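Here is the structure we will look at, set down as structure tokens.
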Amino acid sequence: MSTTFQLDTSTSRANPTPQPMKRLTVPALRKRKKDGATQQPLVVLTAYTARQAQLLDAHCDLLLVGDSLGQVVYGLPSTVPVTLEMMANHAAAVVRGSYHAVVAVDMPFGSYEASPAQAFESAAYLMKASGAAAVKLEGGAVMAETVRFLVERGIPVVGHVGLTPQAVNVLGGYGARGKSDAEADKIVADARALDEAGAFAIVVEGVLEPIAEAVTATVACPTIGIGASAKCDGQVLVTEDMLGMFERVPRFVKRYENLAETIAAAARQFAAEVRDRTFPGPDQTYHAD
Ligand code: KIV
């Protein structure tokens with residue numbers, strides 16, 4: 001499917017972009033951290049659709065088209081079955097719906113681990129098909145060569161260490177990582193390897209807080225925490241989680257809304273009005289002039 005259309009503001013249901021502006025760039029985000037300090041933390045949310053992107057864009061530095069869409073949008077049991085085509089299509093929608101934030105797209109399981117060449121082919125496809133400016137991939141030192149290969153060939157990369165959900169079948173679950181000294185040391189070493197390989201930011205997910213602090217103090221690039229620490233250089237949440245769309249969320253999620261209840265209440269009222277024939281009313285029906 002060809003995906004890089006522009007959003008047509010005359011046919012879109014949303015208001016036109018209020019004020020088209022120059023999009024943030026990867027180097028601008030990378031420069032937010034200087035000499036170990038980040039003055040302005042990076043604000044990151046996931047987005048999977050054009051409308052979601054429109055609503056989040058002005059408030060975010062980075063919109064992440066996460067492979068969490070496998071569970072959130074498609075009802076899959078994990079991120080493992082997510083495909084490149086799914087990521088490309090959702091990323092294209094998010095690019096169409098945004099004008100300010102950098103859009104980064106997750107490389108799905110199986111699309112990059114075999115070799116740097118495989119990763120380049122997959123990442124180039126995602127960027128061409130969607131217009132996204134960067135990719136994210138999971139894994140530490142073992143992916144450093146691939147990160148370097150991509151960056152040297154024009155593909156900005158966000159790393160991802162700690163709890164790496166694509167490895168759920170090896171990890172055995174989604175619990176916090178770094179509970180032994182050896183594992184904690186490995187997470188810090190993994191982040192250092194990605195930083196040295198040229199990642200422009202690193203997601204640190206589901207780790208004991210001192211590990212997130214150690215990673216943030218160790219790497220030159222910004223860290224983006226999720227279930228990590230307020231001391232990270234930025235924070236990310238899955239948007240549907242923070243909007244209260246789900247009953248069960250990890251403990252690191254803060255719900256800023258309760259949209260599940262709001263949507264259920266609206267559907268309940270619609271159903272009642274259809275059944276008692278009060279919808280549609282005069283305002284929602286056409287009549288000859
Ligand atoms: O897939 C995703 O949404 C992610 C974020 C939660 C970091 O990787």
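Here the structure is a predicted model, which means the values were calculated and not measured. First listed ligand is number 1; within each ligand, the first listed atom is number 1.
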In short, Cys232 meets Ala212 closest at the heavy-atom pair SG-CB, 4.1 Å

Present, as a list of atom pairs with distances to 0.1 Å, all nitrogen or oxygen contacts under 3.5 Å between ligand 1 and the protein.
| from | atom 1 | to | atom 2 | distance (Å) |
| --- | --- | --- | --- | --- |
| ligand 1 | 1 (O) | Asp67 | N | 3.2 |
| ligand 1 | 1 (O) | Asp67 | OD1 | 3.0 |
| ligand 1 | 1 (O) | Ser68 | N | 3.0 |
| ligand 1 | 1 (O) | Ser68 | OG | 3.3 |
| ligand 1 | 1 (O) | Asp106 | OD2 | 3.1 |
| ligand 1 | 3 (O) | Ser68 | OG | 2.5 |
| ligand 1 | 8 (O) | Lys136 | NZ | 2.9 |

Residue list, salt bridge (Lys or Arg N to Asp or Glu O under 4.0 Å) with Asp195, at least two apart or on another chain: none

Quick one: ring-ring contact (aromatic ring centres under 6.0 Å, His included) pairs with a partner in residues 232-258, sequence neighbours left out? none

Hey, could you give me the CD/CD distance between Glu247 and Glu261, rounded to the nearest 0.5 Å?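 The CD atom of Glu247 sits 9.5 Å away from the CD atom of Glu261.
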
Which residues pass the side chain to side chain donor-acceptor pair (under 3.5 Å) test with Glu273, not counting sequence neighbours?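 Here the qualifying residues are Gln269.
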
Report the residue from Thr38, Asp233, Thr223, Thr216 that forms a side-chain hydrogen bond (donor to acceptor under 3.5 Å, both in side chains) with Lys33.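 When side-chain hydrogen bond (donor to acceptor under 3.5 Å, both in side chains) is applied between Lys33 and each of Thr38, Asp233, Thr223, Thr216, only Asp233 qualifies.
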
